[in-house]
Asks: 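Could you have a look at this structure, given as structure tokens, before my questions?
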Amino acid sequence: MIMKQTQIFIPTLKEVPSEAQIPSHQLMLRSGLVRGLASGVFSFLPLGYKVIKKITELLREEMDAIGGQEFLLPALNPIEIWEQTGRVEAMGDVMFHIKNRPGLVLAPTHEEIITFHASKHIQSYKDLPQIWYQIQTKFRNEPRPKSGVLRGRQFTMKDAYSMDTTWEGLDISYQKHYDAYCKTFNRVGLKFFVVGASSGAMGGSKSQEFMVESNSGEDTCAVCYDCGYSANVEVASSGITPVGKIDNCPTIEEFATPNSKTIDDLVRDFNLDSNHCAKSVVYMYDSKPILILMRGNDELNETKLEGILKTNNFRAAEGHELADFTGANAGSIGPVNLKTNIRIIADNLLKGANGLVSGANKDGFHFKNIDIDIDCKIEEYYDLRTVVSGEPCPNCGKELKVVKAIELGHIFKLGTKYSEALDAKFLDEDGQEKVIIMGSYGIGVERVMACYLEQNFDEKGIIWNKELTPYDIHILPLNMHRTPEVESAAFKLYDELTAAGFKVMIDDRNETAGVKFNDADLLGFPMQLIVGSKNLANNQVELKYRRSGERVYVPINELVEKIKNEYV
RNA sequence: CGGGGCAUGGCACAGUCCGGUUAGCGCGUCUGGUUUGGGACCAGAAGGCCGCAGGUUCGAAUCCUGCUGCCCCGACCA
């Protein structure tokens, strides 16, 4: 069948539907790739499904290349298997439960099912290692679906699982996936970076996330594009210079600050350097107070604090608690002259600092010329602050960028959590029974598409590349319906290009040139072939490259060869 | 789950505060004609139980109550 635009279902929209907030969602709707069906649930229309199929094919190629074997596991799962690993409880409300068949749940991921099958059939070390993967629909009852296809209740995931006999084997399998993921995302044409991550409810040891920088993202990461350092801002550090000592600093002295409640007030009223204004924040943990001393303009990172306190059971102290423990209200609290004996920790940047200004624990008064070594009782110094954009990279010293990011893929060293729970064992060379050592590796298929769109569009519409585009070439015959020579030339080119292996769509609609140009730019296939009577008179057609906008006039008999050479 | 916003032809919106014949505009769609290299013009047309259910009223898109759905912020997020 000839791919005539009049016969292909591509419901484009001139205006942006009000429900779409982010570029990828707007573009998907406007160019007729998807339609929303319910919150977090989407239908893929023919053009969008072509893109999905291209992504999944690419994923298959890269998974097969590392020895992966494709499965198709059911989305409908017996709850018993999930109970054995304790994840019914761990997943909580995220897992959909079937109401009129209480023994069944909808799978939010597939570690359990893979391990179940492994436990039945993997018997010997000779059966290992294995890499099993699938591309399948997942169901998660997200509390708040958002950002179009980025966070849905139903989505497609390429999930892979490795099974090894040893931890060294797991390292190898993990590295294979790491490399395969880099290759995949490079082929797709995404700018991405990798960050270390916590494994959360998945269990296991090491895990890394593949991230794409985007304002639509839900994670915040610090990235250095020079040396490749990257980390979630929850754990990121920077190479910023400590406050340090100044020479000939006078001794500590109290002074009245009646109108200075905040660091900014102090800086303004007394012409101070905010870096020398030490900020004190008081937290309560396990019913005990702790005073945290930081540079005045720094923000406390609660994830880091959680690591230090070894509990997530903490909160900022309330007003009356501040007065009870320190002797002053917020705005005049400091590490010196505290009413009660409380634990004090400080940020690394303050180590050895002097000349500091901080609250006097007496409303309306501060101390100046504080020497932290002489005047304070700091129990320990830690990295407590949140990294800010522009600070030096802790690795190479170049500028660090703090960016929002979308999580595209996640790789885990699972270990034996699932194989132990589901009794997936094998006999080793010595006849010893051992537990299979597993890894788990996921990529969100729709997210690949959305991330690509977030990175590849302009005011006119989408800019597809060869790897993902639904069609390679868009033929735009102008005034085709009244100029037979245009029509015959356009269809002849269609045949030749198709025969040469390209996916071609021909805009045979009876529309004006402007309409065709604008729709072609919106749909964004890499090349547009404009066939008009003027150029045809010179035996030429116009070739427009969507990404650069460049147009060249090509003799018809050279066209196929030219495209073959260029489009690789 | 907490907070906020929205719901009127396919899309984007006005009308709602202050109730009153046939609910309006732009885009899109259909018909005819004129156009024809960047969303063209003229003429005509189709398409709405104004989210759903109750209530108030002589009369409800408009006021009241309940419900549902969608979007945003937060919480949450293998």
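In what follows, chains carry the letters A, B, and so on, assigned in the order in which the sequence lines appear, proteins first and then strands, with residues in each chain numbered from 1.
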Asks: Once you apply the 3.5 Å cut-off to both distances, tell me the Watson-Crick or G-U wobble partner of B:G74, or none.
Replies: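 In the structure as shown, B:G74 has B:C1 as its Watson-Crick or wobble partner.
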Asks: When the aromatic ring centroids of A:Y133 and A:Y161 are compared, is their separation below 6.0 Å?
Replies: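 So the answer is no for these two rings.
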Asks: I'd like the C1' distance from B:G44 over to B:A7, given in whole Å.
Replies: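 It comes out at 33 Å once rounded to the nearest Å.
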Asks: Using a cut-off of 4.0 Å on non-hydrogen atoms, how would the nucleic acid contact of A:D521 be classed: base, sugar-phosphate, or nothing?
Replies: base
Asks: Can you tell me if A:R144 touches the phosphate of B:C73, counting only side-chain N or O atoms and a distance under 4.0 Å to OP1 or OP2?
Replies: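 Looking at the OP1 and OP2 atoms of B:C73, one of them is under 4.0 Å from a side-chain N or O of A:R144.
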Asks: Roughly how many Å is it from CZ in A:R315 to C1' in B:A75, rounded to a whole number?
Replies: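 Atom-to-atom, A:R315 to B:A75, this comes out as 18 Å.
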Asks: Could you say whether A:T12 or A:G148 is positioned toward the 5' end of RNA chain B, judged by the nucleotide with the nearest heavy atom to each?
Replies: A:T12
Asks: When rounded to the nearest Å, what value does the distance between C1' atoms of B:G39 and B:G2 take?
Replies: 45 Å
Asks: Check A:E420 with A:K425, please: is the shortest side-chain N to carboxylate O separation under 4.0 Å?
Replies: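 Salt bridge flag = no for A:E420 with A:K425.
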Asks: Can you give me every donor-acceptor pair (side chain of residues 442-458 of chain A, partner residue at least two apart or in another chain, under 3.5 Å) with its distance?
Replies:
| from | atom 1 | to | atom 2 | distance (Å) |
| --- | --- | --- | --- | --- |
| A:E446 | OE1 | A:T156 | N | 2.8 |
| A:E446 | OE2 | A:T156 | N | 3.0 |
| A:E446 | OE2 | A:T156 | OG1 | 2.9 |
| A:R447 | NE | A:L150 | O | 2.9 |
| A:R447 | NH1 | A:E407 | O | 2.7 |
| A:R447 | NH2 | A:L150 | O | 3.1 |
| A:Y452 | OH | A:I463 | O | 2.7 |
| A:Y452 | OH | A:N465 | N | 2.8 |
| A:Y452 | OH | A:R547 | NH2 | 3.2 |
| A:E454 | OE1 | A:S216 | OG | 3.2 |
| A:E454 | OE2 | A:S24 | N | 2.9 |
| A:E454 | OE2 | A:S24 | OG | 2.7 |
| A:Q455 | OE1 | A:K191 | N | 3.1 |
| A:Q455 | NE2 | A:K191 | O | 3.1 |
| A:N456 | OD1 | A:R547 | NH1 | 3.1 |
| A:N456 | OD1 | A:R547 | NH2 | 3.2 |
| A:N456 | ND2 | A:Y452 | O | 2.9 |
| A:D458 | OD1 | A:K460 | N | 2.8 |
| A:D458 | OD1 | A:G461 | N | 3.1 |
| A:D458 | OD1 | A:R546 | NH2 | 2.8 |
| A:D458 | OD2 | A:R546 | NH1 | 2.8 |

Asks: Any salt bridge (Lys or Arg N to Asp or Glu O under 4.0 Å) pairs touching residues 150-164 of chain A, not counting sequence neighbours?
Replies: A:K138-A:D159, A:E142-A:R151, A:R151-A:E218
Asks: Which residues, if any, of residues 23-41 of chain A bring a heavy atom under 4.0 Å of RNA chain B?
Replies: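 Those residues are A:A38, A:S39.
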Asks: Atom CG of A:L476 and atom C1' of B:G37: how far apart are they, to the nearest Å?
Replies: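 It works out to 11 Å between those atoms.
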Asks: Using Watson-Crick or G-U wobble geometry with both distances below 3.5 Å, tell me the partner of B:G59, or none.
Replies: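 No nucleotide pairs with B:G59.
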Asks: What heavy-atom pair brings A:F192 and A:C182 nearest, and what distance separates the two atoms?
Replies: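 Scanning both residues completely, I find the closest heavy atoms to be CZ-CA, 3.8 Å.
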Asks: Give one of base, sugar-phosphate or nothing for A:M157, where a contact means two heavy atoms less than 4.0 Å apart.
Replies: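 Touches a base.
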Asks: In whole Å, what separates the C1' atom of B:G19 from that of B:U57?
Replies: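 About 9 Å, rounded to a whole number of Å.
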Asks: Can you list the residues that meet the side chain to side chain donor-acceptor pair (under 3.5 Å) rule with A:K492, with sequence neighbours excluded?
Replies: A:E496
Asks: Applying the Watson-Crick and G-U wobble criteria at under 3.5 Å, what pairs with B:C13? Answer none if nothing qualifies.
Replies: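 Looking at the geometry, B:C13 pairs with B:G24.
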Asks: Can you figure out which of B:C77, B:G37, B:C72 approaches the side chain of A:E218 most closely?
Replies: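 Looking only at heavy atoms from C-beta outward on A:E218, the closest nucleotide is B:C77.
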Asks: The side chain of A:Q21 lies closest to which of these nucleotides: B:C73, B:C71, B:A40?
Replies: B:C71
Asks: What pairs of residues pass the salt bridge (Lys or Arg N to Asp or Glu O under 4.0 Å) test when at least one of them lies in residues 67-84 of chain A, not counting sequence neighbours?
Replies: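 Residue pairs with at least one partner in residues 67-84 of chain A: A:R60-A:E70.
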Asks: Listed by chain and number, what are the ring pair (Phe, Tyr, Trp, His ring centres under 6.0 Å) partners of A:Y441, not counting sequence neighbours?
Replies: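 Testing A:Y441 for ring pair (Phe, Tyr, Trp, His ring centres under 6.0 Å), a comparison that skips the adjacent residues, returns A:H177.
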Asks: Can you confirm whether more than 12 heavy atoms, excluding those of A:D179, are under 6.0 Å from its CG atom?
Replies: yes
Asks: Can you name the side chain to side chain donor-acceptor pair (under 3.5 Å) partners of A:T483, sequence neighbours left out?
Replies: none
Asks: Mind checking who B:G19 pairs with, Watson-Crick or G-U wobble, both distances under 3.5 Å?
Replies: none
Asks: Could you list the residues that satisfy ring pair (Phe, Tyr, Trp, His ring centres under 6.0 Å) with A:Y553, not counting sequence neighbours?
Replies: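 With sequence neighbours excluded, A:Y553 shows a ring pair (Phe, Tyr, Trp, His ring centres under 6.0 Å) to no residue whatsoever.
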Asks: Just call it for A:F155: base, sugar-phosphate, or nothing, with non-hydrogen atoms closer than 4.0 Å on any strand.
Replies: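 The residue A:F155 makes base contact.
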Asks: With both distances kept under 3.5 Å, what pairs with B:C30, Watson-Crick or G-U wobble?
Replies: B:G44
Asks: Once each nucleotide of nucleotides 5-12 of chain B is scored for protein heavy atoms under 4.0 Å, what B/S/- sequence comes out, 5' to 3'?
Replies: ------BS
Asks: Select base, sugar-phosphate, or nothing to describe what A:S147 touches, counting heavy atoms under 4.0 Å on all strands.
Replies: sugar-phosphate
Asks: For the side chain of A:E511, starting at C-beta, report the closest nucleotide among B:C73, B:G37, B:U29.
Replies: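 Nucleotide nearest to A:E511's side chain: B:U29.
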Asks: Determine which nucleotide pairs with B:C52, using a 3.5 Å limit on both distances of a Watson-Crick or G-U wobble pair.
Replies: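 By the stated definition (distances under 3.5 Å), B:G66 pairs with B:C52.
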Asks: Could you check whether A:D159 gets within reach of a base, just the sugar-phosphate, or nothing at all, counting any heavy atom under 4.0 Å?
Replies: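 Result for A:D159 = nothing.
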Asks: Scan residues 19-45 of chain A for pairs that pass salt bridge (Lys or Arg N to Asp or Glu O under 4.0 Å), counting only residues two or more places apart or in two chains.
Replies: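 Counting only pairs at least two positions apart or across chains, no salt bridge (Lys or Arg N to Asp or Glu O under 4.0 Å) contact touches residues 19-45 of chain A.
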Asks: Relative to the 5' end of RNA chain B, which residue comes earlier, A:K516 or A:E142, by the nucleotide with the nearest heavy atom?
Replies: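 Result: A:K516.
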Asks: Between A:R151 (CZ) and B:C71 (P), how many Å, whole number?
Replies: 14 Å
Asks: Can you name the side chain to side chain contact (heavy atoms under 4.5 Å, CB included) partners of A:K404, sequence neighbours left out?
Replies: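 In terms of side chain to side chain contact (heavy atoms under 4.5 Å, CB included), with neighbours along the sequence ignored, A:K404 is linked to A:T220.
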Asks: When we call it a touch if two heavy atoms are under 4.0 Å apart, what does A:K138 touch: a base, just sugar-phosphate, or nothing?
Replies: nothing
Asks: Can you list, by residue number, the residues of residues 70-83 of chain A that have a non-hydrogen atom closer than 4.0 angstrom to RNA chain B?
Replies: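 Under 4.0 Å from RNA chain B: no residue of residues 70-83 of chain A.
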